[in-house]
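Comments concern the structure below.
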Amino acid sequence: FQTRELNADLDRRQLKVTLAVPVIKIRGFYKTDGKVLVVNVAGTGPFTCNLFNTVGTGFARIITVEDVHTGNRSLTIQDTLFDFEIGALNVHLDNLFDGQLPVLANTVNEFLNSQHQVIINEIKPQIKIEVTRLVERVMNEAFNKLPVEEFLNKVQQAPRAQRQTSSRGGRAFPRRFPTNNRRSKKN
């Protein structure tokens, strides 16, 4: 994957990440017995699915955890919300119709690919769960490599009196805005 944006706001304890994945390859086994248009489609076998140009953005809460044995503190993320868009996909189901009707099987695969948005909508919830787990794992591994004590000391020592939190979504706003020194003077 490629990281397009990574913003860790330690004061607000929030992480924002945008990732792009040019190709995701999925392999597995399927079992189907249903209808596509007017054709009864049945089969069991391996499948491949390639997702192209997937871009996702997520937010997470950064928390501090302390090892009860060593007393060492570290950062980790929780409450991750991640969503993504898939540019396109290509799916191929092997052994449709138990391999007896290869021309019809090819036609069904072509039809499925022409209806890729319907397939994306069907598989996205499960992929979203797996991608969220992956993002959490990767980000937590990255946080474990950071000099955490230095960051935590800076956050704890930072003066908090210069900002206040509005009642709208917990977003921090400065208490005073810079004044414009180019005001006209009245005589």
Side-chain angles (χ1 to χ4, degrees), residues 1-30 46-92 112-160 162-166 168-174 177-178:
F1 64 89
Q2 303 160 344
T3 304
R4 290 196 177 167
E5 178 182 4
L6 180 62
N7 182 0
D9 183 339
L10 294 179
D11 288 330
R12 291 174 57 195
R13 300 290 177 125
Q14 291 181 349
L15 175 74
K16 179 182 179 188
V17 62
T18 300
L19 305 173
V21 185
V23 179
I24 299 173
K25 296 182 179 187
I26 302 170
R27 296 177 190 268
F29 291 90
Y30 76 94
F47 78 90
T48 57
C49 181
N50 296 319
L51 309 176
F52 301 100
N53 302 320
T54 302
V55 177
T57 298
F59 296 88
R61 193 167 53 98
I62 301 171
I63 63 165
T64 306
V65 293
E66 186 171 324
D67 186 311
V68 293
H69 301 294
T70 66
N72 293 336
R73 295 184 301 169
S74 63
L75 297 177
T76 187
I77 63 170
Q78 288 184 347
D79 303 327
T80 304
L81 301 172
F82 200 83
D83 202 4
F84 58 92
E85 296 298 320
I86 300 169
L89 71 73
N90 180 279
V91 66
H92 183 81
L112 291 174
N113 286 305
S114 73
Q115 300 298 310
H116 69 273
Q117 196 57 49
V118 173
I119 295 171
I120 288 171
N121 293 341
E122 287 294 320
I123 65 174
K124 188 175 178 180
Q126 183 60 38
I127 292 174
K128 191 173 180 178
I129 291 168
E130 297 302 322
V131 169
T132 298
R133 287 181 188 154
L134 175 65
V135 168
E136 282 184 344
R137 190 182 84 233
V138 169
M139 296 313 310
N140 284 330
E141 287 174 8
F143 275 141
N144 283 332
K145 295 177 183 177
L146 293 175
V148 175
E149 288 299 324
E150 183 180 327
F151 284 123
L152 291 174
N153 289 336
K154 285 181 182 176
V155 170
Q156 290 173 352
Q157 295 170 5
R160 299 180 72 88
Q162 294 175 341
R163 66 172 193 247
Q164 69 184 31
T165 303
S166 77
R168 290 186 293 156
R171 185 177 172 143
F173 291 98
F177 292 95

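Residues take their numbers from the sequence shown, with the count starting at 1.
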Got a second to check how far [X]'s [atom1] is from [Y]'s [atom2], nearest 0.5 Å?
X	Y	atom1	atom2	value
L134	M139	CG	CE	11.0 Å
I63	R73	CD1	CZ	13.0 Å
L15	D79	CG	CG	12.5 Å
I62	D9	CD1	CG	7.5 Å
R137	T132	CZ	OG1	13.0 Å
N90	K25	CG	NZ	11.0 Å

Taking all non-hydrogen atoms of both residues into account, name the closest pair between [X] and [Y] and its distance.
X	Y	answer
F1	V21	CB-CG2, 3.7 Å
R4	V55	NH1-CG2, 3.7 Å
H116	G87	NE2-O, 4.2 Å
P22	Q2	CG-NE2, 4.0 Å
I77	T80	CD1-OG1, 3.9 Å

Does a side-chain heavy-atom distance below 4.5 Å link V131 with I24?
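Contact flag for V131/I24 side chains = no.
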Below 4.5 Å, heavy atoms only, C-beta onward: do L6 and L19 meet side chain to side chain?
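No. Closest side-chain heavy atoms not under 4.5 Å.
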Tell me every residue that passes salt bridge (charged side-chain N to carboxylate O under 4.0 Å, His left out) with R133, counting only those two or more places apart in sequence or in another chain.
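In terms of salt bridge (charged side-chain N to carboxylate O under 4.0 Å, His left out), with neighbours along the sequence ignored, R133 is linked to E130.
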For the pair K124 and D83, find out whether any cationic side-chain nitrogen is under 4.0 Å from an anionic carboxylate oxygen.
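D83 and K124: salt-bridged.
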Evaluate whether atom OH of Y30 has more than 12 neighbouring non-hydrogen atoms of other residues, nucleotides or ligands under 6.0 angstrom away.
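For Y30, atom OH is crowded (more than 12 foreign heavy atoms under 6.0 Å).
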Neighbour count >12 (heavy atoms, 6.0 Å) for atom CD, Q78:
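Enclosed.
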F82 and side chain to side chain contact (heavy atoms under 4.5 Å, CB included): which single residue from I129, V17, T57 fits?
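That would be V17.
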Could you walk me through whether T64 and L75 pass the side-chain contact (heavy atoms from CB on, under 4.5 Å) check?
CA-CA 5 Å; T64 306; L75 297 177; 3.8 Å; yes
Can K128 and F84 be said to form a side-chain contact (heavy atoms from CB on, under 4.5 Å), step by step?
CA-CA 8 Å; K128 191 173 180 178; F84 58 92; 3.8 Å; yes
Less than 3.5 Å apart, which donor and acceptor atoms pair up between the side chains of residues 46-54 and the rest of the protein, not counting sequence neighbours?
none

Would N113 and L89 satisfy side-chain contact (heavy atoms from CB on, under 4.5 Å), going step by step from the backbone distance to the final call?
CA-CA 7 Å; N113 286 305; L89 71 73; 4.1 Å; yes
